[in-house]
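One structure is given here, and the rest of the page talks about it.
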Amino acid sequence: MTQDTLERGWHVPHLLLLSLLPVVAMGAPGLAPELRVAGWLLLNVAVIAAAERWRPYRADWRPTRADLVRDGGVFALNALVDALAKMALAVVALRFVSGASALPGWLQVIGGALLADLGSYALHRWSHRGGWLWRVHAFHHRPEALNVANALTAHPLNALYDGVVRWGPLVLLGFDAEVITALAMFHLTQALAAHANVRGIIGPLRWVLGSAELHRLHHSTDGREAGNFGTDLPLWDLVFGTHRSGPGPRAVGVFDPARYPVATATGRWLAWPFQRRPSTAQDRSPST
Ligand SMILES: [Zn+2]
């Protein structure tokens, strides 16, 4: 056990949920995929929220009532967008026949996880180069705290295009629906655990799985440490030179908050990418 582990301990909810995932993904085939993913989401939120009270990473990152109102509203909106996107993908899938589902399940799971995270990595990194995509993505970076409540807070367009680049290739290549459902459950766990306000690390697993210790750096206001664009896997950051590690960030959020709508003004954030104003260098994320 390293000194780091002794000082901070394990990220128990993340490791617990990852160990439960194969059991739940394979053990409840009778449930419709939507119900399985929804149940998994509720379980993940409950486990991580309990851990945030038990072992918070930072006491001042607990969500306020205003945060919860904003996050709850955005979550409901994004759930609607997600459902519509899945219906569109299902229609597309009916028109394409491909052989990927003939591959062994384990190969589909590994290949699908790599492919899904590659598309998301590329678009996420591009979004941080500034311009219109950053104005969409900045909504996710505006909070000055990370916790399970704001883990899924993002502009609906951000949720839509991330879903398309993440799952679209798998649908077009004909991956098995059960595999895509299991990978969606894995992505939910990774997204929630990466933003969790819980102390602890995942040890050597950090070289193969995304984690809170890496993703907090992505949200840093210090551009030198704000890499780690892959949420599910660190592989593409390692391959393309954007992997960052080290102690936690001093502050999270956007580099110059005064240039953005206030964090709780959800309506202004939703409209912001569509307002006509020149893009300037200060629109850019610190991690370009
Ligand atoms: Zn980002």
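What's counted below: heavy atoms across the whole structure, side chains too, no hydrogens, waters or symmetry copies. Atoms within each ligand, like the ligands themselves, are counted from 1 in listed order.
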Under a 4.0 Å threshold between the charged nitrogen and the carboxylate oxygen, would R250 count as salt-bridged to E225?
no
Ignoring water, what protein N, O or S atoms are under 2.8 Å from the Zn ion (ligand 1)?
H124 NE2, H128 NE2, H137 NE2, H141 NE2, H218 NE2
Can you tell me if R244 uses its side chain to pair, donor with acceptor, with the backbone of H218 under 3.5 Å?
no
Is the W269 ring parallel, tilted or perpendicular to the F139 ring (thresholds 30°, 60°)?
parallel
Evaluate the ring planes of Y57 and W61, with Trp represented by its six-membered ring, and classify them as parallel (under 30°), tilted (30 to 60°) or perpendicular (over 60°).
tilted
Any side-chain donor paired with an acceptor under 3.5 Å for R166 and S120?
yes
Measure up the W134 and Y260 rings against each other and bin them: parallel (under 30°), tilted (30 to 60°), perpendicular (over 60°).
perpendicular
